Undergrad: 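I have a structure I would like to understand better, so I am pasting it below and will then ask my questions one at a time.
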Amino acid sequence: MTLNRETHLISVSDDVVRIRQIARAWCVELKFSLVDQTKFVTAASELARNTLEHGGGGRMSAEIVENGARRGLKLVFQDNGPGISDLELALKDGYTTGGGMGLGLSGSKRLVNEFDIKSEPGQGTTVTIVRWK
């Protein structure tokens, strides 16, 4: 496997679809189960959409990670948007600033093995997710 690290811009709605396709291709390459593929691709899609809609666009980087005998896929979504002033509130089910269902961040967190978010008002947001095989 040769995915050291690749980065993709997220600047238009078609990029959300492209991010889904990239995530799915790497999940297949890593031989994730169909259920794990679906969970990870759904999380990637939600985070790509958040990067576009709330962060004004940004980028996603992907890389294969290893921990002993385990291999996984790590995606990092970064934007330079307005940031999130209250992360605890943003991670609550049902909280939304965009008119959606308010499950994007909280739902994504439940779909992956590792989830980390860093954000400060005016400094943008970085969300890192990992799914292990």
Side-chain angles (χ1 to χ4, degrees):
M1 185 146 319
T2 59
L3 180 61
N4 293 326
R5 187 174 194 157
E6 59 184 38
T7 300
H8 302 273
L9 292 178
I10 303 169
S11 59
V12 295
S13 61
D14 287 350
D15 293 337
V16 175
V17 174
R18 190 169 46 85
I19 294 299
R20 286 181 64 92
Q21 293 168 339
I22 291 166
R24 181 169 308 281
W26 282 108
C27 287
V28 169
E29 183 72 24
L30 285 166
K31 301 185 181 350
F32 284 6
S33 70
L34 185 57
V35 170
D36 285 346
Q37 287 179 40
T38 301
K39 288 179 178 180
F40 198 74
V41 169
T42 300
S45 180
E46 289 293 329
L47 296 174
R49 186 165 309 285
N50 280 356
T51 299
L52 180 64
E53 293 181 359
H54 300 290
R59 61 195 169 281
M60 181 276 296
S61 63
E63 67 181 302
I64 302 296
V65 290
E66 296 179 340
N67 182 356
R70 291 192 318 169
R71 299 184 83 194
L73 180 60
K74 178 168 98 174
L75 302 180
V76 180
F77 295 86
Q78 294 178 293
D79 69 63
N80 295 317
I84 301 169
S85 60
D86 188 337
L87 283 175
E88 187 175 330
L89 181 60
L91 287 165
K92 284 183 116 174
D93 284 346
Y95 177 77
T96 182
T97 59
M101 295 176 63
L103 296 172
L105 281 178
S106 61
S108 295
K109 185 176 181 180
R110 285 191 294 273
L111 294 172
V112 298
N113 297 122
E114 296 178 22
F115 180 95
D116 181 65
I117 184 168
K118 292 180 175 49
S119 187
E120 290 186 35
Q123 301 297 312
T125 301
T126 300
V127 180
T128 303
I129 59 173
V130 177
R131 185 84 197 178
W132 294 103
K133 167 82 171 107

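Predicted model, so just to flag it, every value in this text is computed and none were measured.
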Undergrad: Do I64 and V28 share a hydrophobic cluster (ILVMFWY, side-chain heavy atoms under 4.5 Å, transitive)?
TA: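 In one cluster with I64: V28, no.
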Undergrad: Do you know the tightest heavy-atom contact between T7 and S61?
TA: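 Residues T7 and S61, closest heavy atoms: OG1-CB, 3.7 Å.
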Undergrad: Using modelled atom types only, decide if a donor and an acceptor are shared between the side chain of T51 and the backbone of G57 within a distance under 3.5 Å.
TA: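 No; zero donor-acceptor contacts below 3.5 Å.
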Undergrad: Calculate, to the nearest 0.5 Å, the distance between atoms CG and CG belonging to N113 and L73 respectively.
TA: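 Answer rounded to 0.5 Å: 11.0 Å.
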Undergrad: Atom CD of residue position E120 - does it have more than 12 heavy atoms of other residues, nucleotides or ligands inside 6.0 Å?
TA: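 Result for CD/E120: open.
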Undergrad: Are the side chains of S119 and L87 in touch, meaning some heavy atoms are under 4.5 Å apart?
TA: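 Side-chain contact under 4.5 Å: yes.
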Undergrad: According to a hydrophobic-cluster definition based on side-chain heavy atoms being under 4.5 Å apart (Ile, Leu, Val, Met, Phe, Trp, Tyr only), do I22 and F32 belong together?
TA: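 I22 clusters together with F32.
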Undergrad: If you round to the nearest 0.5 Å, how far is NZ of K74 from CD of E63?
TA: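 With rounding to 0.5 Å, CD (E63) is 4.5 Å from NZ (K74).
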Undergrad: Of the non-hydrogen atoms in F40 and C27, which two are nearest, and what is the gap between them?
TA: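 What the structure gives for the nearest pair is CD2-SG, 3.7 Å.
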Undergrad: Looking at every non-hydrogen atom in both residues, tell me the closest pair between H54 and P82 and how far apart they are.
TA: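 Looks like O-CD, 3.3 Å.
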Undergrad: Would you confirm whether Q37, through its side chain, and R24, through its main-chain N or O, come within 3.5 Å as a donor-acceptor pair?
TA: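 No, the answer is negative, given that no donor and acceptor are paired below the 3.5 Å cut-off.
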Undergrad: Work out which heavy atom in G55 is nearest to a heavy atom in D79; give both atom names and the distance.
TA: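 The pair with the smallest heavy-atom distance is CA-CG, 3.5 Å.
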Undergrad: Check step by step if side chain to side chain contact (heavy atoms under 4.5 Å, CB included) holds for L75 and V112.
TA: CA-CA 11 Å; L75 302 180; V112 298; over 6 Å; no
Undergrad: Nearest 0.5 Å please: distance from the CZ atom of F77 over to the CG atom of N50.
TA: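 Rounded to the nearest 0.5 Å, the CZ-CG separation comes to 9.5 Å.
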Undergrad: Hey, any chance V127 and L91 share a hydrophobic cluster, counting ILVMFWY side chains that come within less than 4.5 Å of each other, even indirectly?
TA: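 Shared cluster, yes.
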Undergrad: Working to the nearest 0.5 angstrom, can you tell me the gap between I19 CD1 and D14 CG?
TA: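 Answer rounded to 0.5 Å: 12.0 Å.
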Undergrad: Between the side chain of R131 and the main-chain N/O of L111, is any donor-acceptor distance below 3.5 Å?
TA: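 It does hold such a pair.
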Undergrad: CE of M60 to CG of L52: how many Å apart, nearest 0.5 Å?
TA: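 One finds 13.5 Å between CE of M60 and CG of L52.
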Undergrad: Run the side-chain contact (heavy atoms from CB on, under 4.5 Å) test against S11 and tell me which residues pass, sequence neighbours left out.
TA: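 Partners of S11 under the side-chain contact (heavy atoms from CB on, under 4.5 Å) test: D15.
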Undergrad: With sequence neighbours left out, what residues match K109 under side-chain contact (heavy atoms from CB on, under 4.5 Å)?
TA: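 Partners of K109 by the side-chain contact (heavy atoms from CB on, under 4.5 Å) criterion, ordered by chain and then number, come out as F115.
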Undergrad: Distance check, rounded to the nearest 0.5 Å: I129 atom CD1 versus E46 atom CD?
TA: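 Result: 11.0 Å between the selected atoms.
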